Amino acid sequence: MSPEEKVHVLIVDDVAETRENIRKLLQFDSQIEVVGASINGAEGIQLAIETQPDVVLMDINMPDMDGITATENIRKKVPHTQIVILSVQGDSNYMRRAMLAGARDFLTKPIDVDELTAAIRRAGRLARTEKEKLTAGGFQTGPGGGGKSGTLVPGDEGQVITIFAPKGGTGTTTLTANLAVALQQAGRSVVAVDGNLQFGDLSFFFAEQARTNITDLAPRAEELDREVVSEVLIKHEDSGVHLLAAPMRPEYADSVTGNQFGEVLRYLRRIYPYVLVDTSSLLNDITLAALDVSDLVLLVTTQDIPAIKNARLFLDLADALGITSEQMMLVMNRFDRRRNITAERVAENFKTKVSAVIPLEEKLVVPAMDRGEPFILRNNTSPVAKAVLELMEATLARLKEFAPTQSETV
């Protein structure tokens, strides 16, 4: 690999031993070149201006100027440069402040060399993309290039569908994963977003363990471009569905605000015809942001009395949240015909039509979940798979009612 193709790295740390150890760790990677080292934040800013690195490895606690302040300054003065924070402090407050300052990644010391080089490579790719964008005065089109994600017709916007249940354990993640696959198989490009930022596991339903996630986009929610987004999203090869994962650890969720999450969804709808959002059961800032952006809300309940009670409460609250009856579809999941709580009884009680009934089929659904595989990939003729396909058709029909001009051929 030529020097021009290497990722150029600047190290900023007040401890000489740490600087030297990092330099030694990186010297064995032929794709990474250390172009300088600094003992404090102020000197780091000056070196960044002089060397124009792709990546800065930044300590937080330093004399003269802390790493967060230095990060803010470097991002302003050398906008293509990506900052990876290295800190002995794993506190979520430090992480949130660093991301808000513009940091690309946050690693806790002592640093694992594989984790460090992976973070540098990711940040380096983003740096090159941003440099090209700044040089060209524009940005590349299509996540991943060549419209691989299925971009919209210029001027169109995709539609956001939020799958929400005000009671945990109702199967929203299973529905989201399989509905996403059904849409993709029907020729409609989809991105599925995990909106349960603390304990979301949507990516695991696709057997994906993402190193990149929503925290990589949130700090730049108002200045996203398609190439940056493509570096963060995961493509599930078996289905073609794209995924935006939740943070790897619960404490990282605090680094994403509701406003940032909403902006990310608004950007994704400019690229994908369908954006599916799986949320937590709490009406927190993230869930409210998803509901606010949504064109359609799939309200999920089961036959359990607590789930029905909570769904009823949410329906009563919907008007205050600005959600009209046309924007909501009631879905009964895990329906067991042996129980005397029927869809008709629920519809009568709610004075709302039950738009879809998904039958209980544990012998198919549970093993698929354990494998990390949407069940509809292997079996689309079972009763539960047919019900998901019917839900897809009902969803598309409802969306078409109030968005008849939306392009469907993408």
Side-chain angles (χ1 to χ4, degrees), residues 158-176 179 192-202 214 218 221 246 250 253-254 256-266 268-269 274-335 341-358 391 394-395 397-399 401-403:
Q159 294 168 305
V160 178
I161 305 164
T162 292
I163 297 86
F164 172 71
K167 174 72 173 64
T170 55
T172 60
T173 305
T174 300
L175 276 181
T176 302
L179 182 58
V193 179
D194 199 334
N196 185 354
L197 300 195
Q198 283 193 319
F199 297 103
D201 50 15
L202 181 61
I214 182 65
D254 290 341
V256 183
T257 68
N259 287 337
Q260 290 171 334
F261 191 75
E263 286 300 321
V264 170
L265 295 182
R266 290 184 182 93
L268 290 174
R269 78 189 307 168
Y274 298 97
V275 181
L276 269 58
V277 188
D278 178 33
T279 67
S280 76
S281 59
L282 301 176
L283 286 177
N284 54 27
D285 289 346
I286 301 300
T287 301
L288 290 172
L291 293 172
D292 184 58
V293 175
S294 296
D295 297 284
L296 186 64
V297 177
L298 303 186
L299 177 60
V300 182
T301 186
T302 62
Q303 291 163 293
D304 299 329
I305 296 300
I308 293 171
K309 183 264 293 182
N310 285 5
R312 173 75 267 178
L313 290 174
F314 179 77
L315 282 173
D316 293 339
L317 185 63
D319 284 343
L321 296 175
I323 304 171
T324 66
S325 58
E326 290 78 15
Q327 290 177 282
M328 186 144 18
M329 291 172 57
L330 182 61
V331 178
M332 179 165 280
N333 195 28
R334 297 176 178 168
F335 182 74
I341 299 177
T342 65
E344 290 75 19
R345 289 181 62 186
V346 172
E348 182 180 356
N349 179 266
F350 284 13
K351 295 181 172 55
T352 299
K353 175 186 175 183
V354 176
S355 299
V357 177
I358 313 297
L391 172 60
T395 298
R398 177 66 66 87
L399 288 171
E401 287 177 11
F402 54 84

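It should be emphasised that the depicted structure is a prediction, and the values quoted were computed from it without experimental measurement.
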Inset, instruction - Report the C-alpha distance between Leu265 and Val277 in whole Å, list the side-chain angles of each, state the deciding distance to 0.1 Å, and finish with yes or no for side chain to side chain contact (heavy atoms under 4.5 Å, CB included). - result: CA-CA 9 Å; Leu265 295 182; Val277 188; 3.9 Å; yes

Inset, instruction - Starting from the C-alpha separation in whole Å, work towards a yes-or-no answer on side chain to side chain contact (heavy atoms under 4.5 Å, CB included) for Thr301 and Leu330. - result: CA-CA 8 Å; Thr301 186; Leu330 182 61; 4.2 Å; yes

Heavy-atom check, side chain of [X] versus side chain of [Y], under 4.5 Å:
X	Y	value
Asp292	Phe261	no
Thr287	Ser280	yes
Leu291	Phe314	yes
Leu299	Phe164	yes
Leu321	Leu288	yes

Examine distances only and state if a side-chain atom of [X] and a backbone atom of [Y] form a donor-acceptor pair shorter than 3.5 Å.
X	Y	answer
Arg398	Glu326	yes
Gln303	Ile341	yes
Asp295	Ile161	no
Asp304	Pro306	no
Asp194	Leu202	yes
Thr302	Thr170	no

Inset, instruction - Answer yes or no: is there an ion pair linking Glu263 with Arg266, defined by an N-O contact shorter than 4.0 Å? - result: yes

Which distance, rounded to the nearest 0.5 Å, do you find between the [atom1] of [X] and the [atom2] of [Y]?
X	Y	atom1	atom2	answer
Asn259	Ile286	CG	CD1	9.0 Å
Asn333	Leu175	CG	CG	4.5 Å
Met328	Ser294	CE	OG	10.5 Å
Lys351	Leu315	NZ	CG	11.5 Å
Leu179	Tyr274	CG	OH	11.0 Å
Thr395	Met329	OG1	CE	4.0 Å

Can you give me the closest heavy-atom contact between [X] and [Y], atom names plus distance?
X	Y	value
Pro166	Asn310	O-ND2, 3.1 Å
Thr342	Phe335	CA-CE1, 4.0 Å
Ala253	Gln198	CB-CG, 3.7 Å

Inset, instruction - Would you sort out whether Asn196 and Thr172 count as a side chain to side chain contact (heavy atoms under 4.5 Å, CB included), showing the intermediate values? - result: CA-CA 11 Å; Asn196 185 354; Thr172 60; over 6 Å; no

Legend entry - Leu317 vs Leu283, side chain to side chain contact (heavy atoms under 4.5 Å, CB included): CA-CA, chis, key distance, verdict: CA-CA 11 Å; Leu317 185 63; Leu283 286 177; 3.5 Å; yes

